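Just below is one structure, and these are the notes that go with it.
Model, not experiment: these values are computed from the prediction. Every chain is numbered from 1 and lettered A, B, ... according to where its sequence line falls, protein lines coming before strand lines.
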Amino acid sequence: MNNVDVKEIDKKWQNFWLKNKDSPKINNKKKKFYCLEMFPYPSGKIHMGHVRNYTIGDVLARYKSMCGFNVLHPMGWDSFGMPAENAARENKLDPKDWTKENIATMKKQLQSLGLSIDWDLEISTCDEEYYKHQQALFIDMYNKGLVIRKETYVNWDPVDKTVLANEQVINGRGWRSNAIVERKKLSQWFFNISKFSNELLEDLKTLSDWPDKVKLMQKNWIGKSVGCEIDFEIEGGQKVKIFTTRPDTIFGATFLALSVDHPLCKSFNEKEDFLKFKKTVSQVGTTEEAIANAEKVGFDTGFKAKHPFIKNKTIPVYVANFILMDYGTGAIFGCPAHDQRDYDFAKKYKLEIIQVIKPKVDTDNFKNQNIKGAYDGEGNLVNSEFLNDLNILEAKERIISEIERKKIGKKTISFRLKDWGISRQRYWGCPIPMIYLKDGSVVPVEKSELPVRLPEDVDLNSKGNPLENHATWKKTTYKKTGENAIRETDTLDTFVDSSWYFIRFCSPKLDDKPFDEKSLNYWMPVDQYIGGVEHAILHLLYSRFFMRAINLNDEKINIKEPFKGLFTQGMVCHETYKNQKGTWLSPEEASKFDKSKIIIGPPEAMSKSKKNVIDPESMINIYGADAIRWFMLSDSPPDRDIQWSNEGVAAAHKFVQRIWLLNEKILNRGDVDSSEEVEKEFFSKVNKYLDRITNLIEKFQLNVAIATIYEAVRFMEENLEKTIKNRDFLECQTDLIKTIMPFMPHLSCECLSKLEGNDFYSKIKWPKIKKTLLVDSNVIIVIQVNGKKRGLISVKKDIEEKDLVQKAKKIENIDKNLKNKKVVKQIFIRNKIINFITT
RNA sequence: GCCCUCGUGGUGAAAUGGUAGACACAAAGGACUUAAAAUCCUUGCCCGCAAGGGAGUGACAGUUCGAGUCUGUCCGAGGGCACCA
């Protein structure tokens with residue numbers, strides 16, 4: 001018998017699926033399942049990470065579809081962004097052409113994987129057909145008050161000449177250019193995401209199908225803290241509002257500290273020593289770690305603030321480098337005894353340190369009257385007048401009510417989450433549909449004027465923003481009044497594009513509005529979203545914000561959370577290779593060298609820079625799509641990293657052939673004598689395999705499901721010669737192949753078409769598990785003596801304890817172990833274990 | 001510094017508190033072959049021809065008849081946040 005030609009069946013069934021495709025329609029009788037993988041950036045070619053991501057999604061989509069769900073499984077392109085602009089500049093191409101070409105290549109590659117994607121729903125964010133709706137959404141959001149304009153310090157990337165969001169700054173460097181980021185003050189557009197801070201935090205609790213890890217990361221990112229604001233009066237009449245989460249330590253306050261950007265500091269801007277201080281502060285390090293570890297320094301304003309609870313006590317007011325203007329109120333009171341930063345600061349400037357918490361468990365912080373380090377643990381209040389003896393929680397409550405009674409402050413909640421800066425000074429993005437009028441006002445473009453198209457004749461080689469530099473593009477008129485106006489030349493952060501594409505997929509061809517409420521309400525939320533954990537915070541948080549923004553004041557939409565289930569898959573890793581000069585070698589290059597002459601590094605995520613990449617296309621050409629898909633899932637749990645190995649794929653390919661051979665053998669098996677007992681056992685065993693595979697797919701343990709398929713296939717092979725009617729054998733094989741279908745669709749279709757004939761395709765349903773066959777009449781019971789395994793016994797199911805004991809004691813090894821000993825206790829767990837405890 | 005996750009053979013990994021190492025890769029030995037490839041079988045730490053026994057899931061304690069699994073402390077690796085008051 002011959003091997004199957006994998007390249008041929010790949011082509012054959014991909015064409016077949018194309019002809020027999022069945023686009024999902026709204027069908028209220030059928031349960032829907034929206035399966036979505038994070039859409040790719042069209043960088044040129046697909047990489048193994050895409051293969052893994054989309055294979056996981058495809059297994060689920062095909063499985064759900066076979067189970068009778070109405071499955072939506074679309075794909076699109078996150079096609080705006082800087083690489084297109086950079087590549088276009090280097091190769092003197094139009095970003096649009098470069099992007100289109102990449103999309104065409106990558107689409108063909110994805111199709112060669114045999115994914116069950118409905119390409120009729122394809123969208124691309126750089127298409128006018130997409131971004132015009134995004135502009136309409138932007139205007140809606142503006143009208144809902146969710147778009148605001150603020151002048152702020154921004155992270156300026158001097159290489160890419162663009163503003164970066166905080167999240168795009170990694171260790172003080174631009175996330176793409178790796179250039180050291182500078183601070184610059186600019187007027188920017190923001191989405192008012194902080195309006196939803198509390199909701200975004202609270203609703204995490206409803207996301208039961210998300211990994212806890214991701215929820216925790218979002219929780220920390222939003223960073224809620226409960227505290228209170230207190231007004232301090234400065235001698236001379238001014239007031240400073242501070243924020244603290246430890247109002248209970250107010251009697252330990254020995255100074256105030258302000259941010260350099262605090263409004264009160266404006267009056268010092270002419271003082272030379274202040275400017276000098278400001279300059280040194282801004283020069284301190286660039287990486288976040290350096291900032292965090294920088295020495296605490298301050299500037300004495302000379303002001304004295306009145307302590308709100310201690311008569312006639314004043315405390316000095318400093319400007320300090322460790323106070324941030326954009327958290328809380330940009331001012332704090334310092335309590336050196338119970339906050340390490342304040343402690344360091346107080347030591348440096350020889351400020352008073354007053355202990356107000358007596359630790360529950362003795363520490364050496366406060367011994368010998370010489371306070372060593374800050375204590376921030378549990379304890380009771382001391383040196384605090386009316387708060388004395390209360391614990392921290394009680395003291396907080398008491399002092400807040402006192403503050404509120406005196407009307408010098410109130411309980412407040414602070415969030416770490418800041419508004420989302422969305423302006424980018426780049427060309428290849430969605431133009432922000434706003435215009436500037438002569439009187440200085442800024443208004444949205446009339447919706448009837450949309451889209452605001454990107455011009456095609458731009459000079460990408462000039463520095464700065466190409467739209468700003470364009471000769472005519474920014475000149476426009478305001479439709480309402482006919483007056484001349486200037487367009488906003490910034491474009492939107494590409495995170496905006498990906499914050500609603502999953503909504504667009506519900507009605508991707510709709511021309512007059514971004515989405516149709518009926519489709520949205522039917523398909524959303526995404527039942528299973530699959531992608532890399534690197535998007536755990538930003539993309540997901542922004543998408544959750546968008547869903548709420550769309551929901552706001554719109555009663556027709558009843559979806560709040562966009563992604564019901566989330567799965568984060570691991571990366572694809574490979575060993576790294578270097579030659580003796582230390583330059584990276586690709587696996588192919590390395591294989592040409594003598595092993596002793598190359599340095600082999602540990603497996604790391606495949607990356608172009610380390611050259612440890614394997615090209616999916618060439619692998620598909622050698623082994624076929626099924627083997628690649630199979631290998632991507634077989635070696636590790638889907639949420640963990642996987643190590644690429646050539647042997648592994650080769651093994652997957654061999655298994656493809658083994659299944660094919662088994663199928664051929666069964667087809668040519670001819671009829672055999674049957675024995676009822678053997679048949680019953682056979683059916684029961686196969687059913688157990690089918691049941692396990694089903695449960696494992698449901699639990700997303702795809703690697704274990706694959707291990708079970710290996711076992712099941714071996715079982716079939718071993719039973720070929722047994723007394724089993726061929727009709728029954730064919731039935732079991734058909735069921736088994738169907739469970740392989742989500743993993744290896746090409747091979748499975750080829751096998752099924754042989755097993756079931758021409759109309760097999762309409763009959764592909766997930767096998768029904770016969771529950772009655774899962775129950776065994778016999779069970780294997782473990783026999784232990786003093787908790788140690790001493791034997792196994794096969795007995796009738798539900799055997800009684802005394803019968804089991806009798807049988808067990810007859811086993812030689814058990815008898816030996818119990819000899820001369822008295823059994824003092826017996827632990828019996830029905831159908832599982834018997835444990836004899838002896839003296 | 002704070003928070004989280006994970007430590008199981010040569011490797012990737014399985015294991016509702018109840019047979020540790022399923023399944024796969026690699027390795028060694030064997031079968032088939034003139035030979036090789038392919039395929040198949042066996043082995044996997046210590047004692048033993050074997051039956052069997054001992055040790056064993058990062059370390060040390062604890063809970064339990066029984067712990068890879070639960071609890072505590074420590075060590076190691078990875079990830080997130082990072083002057084957030």
How is [X] classified with respect to the nucleic acid when contacts are heavy atoms under 4.0 Å: base, sugar-phosphate, or nothing?
| X | value |
| --- | --- |
| Glu812(A) | nothing |
| Ser225(A) | sugar-phosphate |
| Ile837(A) | sugar-phosphate |
| Leu216(A) | sugar-phosphate |
| Tyr710(A) | sugar-phosphate |
| Ser645(A) | nothing |
| Ile323(A) | base |
| Lys654(A) | sugar-phosphate |

Of Leu792(A) and Leu696(A), whose closest RNA chain B nucleotide lies nearer the 5' terminus?
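Of the two residues, Leu696(A) wins.
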Nearest nucleotide by nearest heavy atom, which residue falls closer to the 5' end of RNA chain B, Met217(A) or Gln784(A)?
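Mapping each residue to its closest nucleotide by heavy atoms, the 5'-most match is Gln784(A).
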Determine the interatomic distance between [atom1] on [N] and the same-named atom on [M]; round to the nearest Å.
| N | M | atom1 | value |
| --- | --- | --- | --- |
| rC74(B) | rC65(B) | P | 28 Å |
| rU33(B) | rC25(B) | P | 25 Å |
| rG12(B) | rA26(B) | P | 15 Å |
| rU19(B) | rC81(B) | C1' | 44 Å |
| rA31(B) | rC23(B) | C1' | 25 Å |
| rU8(B) | rU57(B) | P | 11 Å |
| rU64(B) | rG18(B) | C1' | 12 Å |
| rG1(B) | rC45(B) | C1' | 42 Å |

How about [X] and [Y]: are their ring centres within less than 6.0 Å of each other?
| X | Y | value |
| --- | --- | --- |
| Phe415(A) | Tyr327(A) | no |
| Phe655(A) | Trp660(A) | no |
| Phe567(A) | Phe700(A) | yes |

[X] side chain near [N] phosphate (N/O to OP1/OP2, under 4.0 Å):
| X | N | result |
| --- | --- | --- |
| Arg640(A) | rG7(B) | no |
| Arg416(A) | rA82(B) | yes |
| Gln218(A) | rG80(B) | no |
| Arg714(A) | rC23(B) | yes |
| Asn813(A) | rG53(B) | yes |
| Lys213(A) | rU5(B) | no |
| Lys215(A) | rG80(B) | no |
| Asn703(A) | rA14(B) | yes |
| Arg790(A) | rG53(B) | yes |
| Tyr327(A) | rA85(B) | yes |

How close do Gly791(A) and Ile814(A) get, counting heavy atoms only, and between which atoms?
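Where Gly791(A) meets Ile814(A) most closely, the heavy atoms are N-CD1, 4.1 Å.
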Closest contact, heavy atoms only, Arg640(A) versus Arg52(A):
O-NH1, 2.9 Å
For the residue pair [X] and [Y], confirm or rule out a side-chain donor-acceptor distance under 3.5 Å.
| X | Y | result |
| --- | --- | --- |
| Trp644(A) | Asn646(A) | yes |
| Asn831(A) | Asp798(A) | yes |
| Asn668(A) | Glu664(A) | no |

State the pairing partner of rU11(B); accept Watson-Crick or G-U wobble contacts with both distances under 3.5 Å, and report none otherwise.
rA24(B)
In the structure shown, which nucleotide is the Watson-Crick or G-U wobble counterpart of rA77(B), with both distances under 3.5 Å?
rU5(B)
Can you tell me the distance, in whole Å, between the [atom1] atom of [X] and the [atom2] atom of [N]?
| X | N | atom1 | atom2 | value |
| --- | --- | --- | --- | --- |
| His653(A) | rU39(B) | NE2 | P | 10 Å |
| Glu604(A) | rG79(B) | CD | P | 10 Å |
| Ile814(A) | rA51(B) | CD1 | C1' | 14 Å |
| Phe828(A) | rC65(B) | CZ | C1' | 15 Å |
| Lys699(A) | rA14(B) | NZ | P | 12 Å |
| Trp660(A) | rU39(B) | CH2 | P | 18 Å |
| Glu575(A) | rG12(B) | CD | C1' | 13 Å |
| Lys665(A) | rU39(B) | NZ | P | 12 Å |

Residue Ser636(A), side-chain atoms from C-beta onward, closest of rA22(B), rG12(B), rC83(B)
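The closest nucleotide is rG12(B).
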Taking rC81(B), rG18(B), rC83(B) as options, the one with an atom nearest any side-chain atom of Ile537(A) is rC81(B)
Anti/syn call for rG58(B), syn if |chi| within 90°:
anti
Would you mind reporting whether Ile250(A) and Pro247(A) have side-chain heavy atoms less than 4.5 Å apart?
no
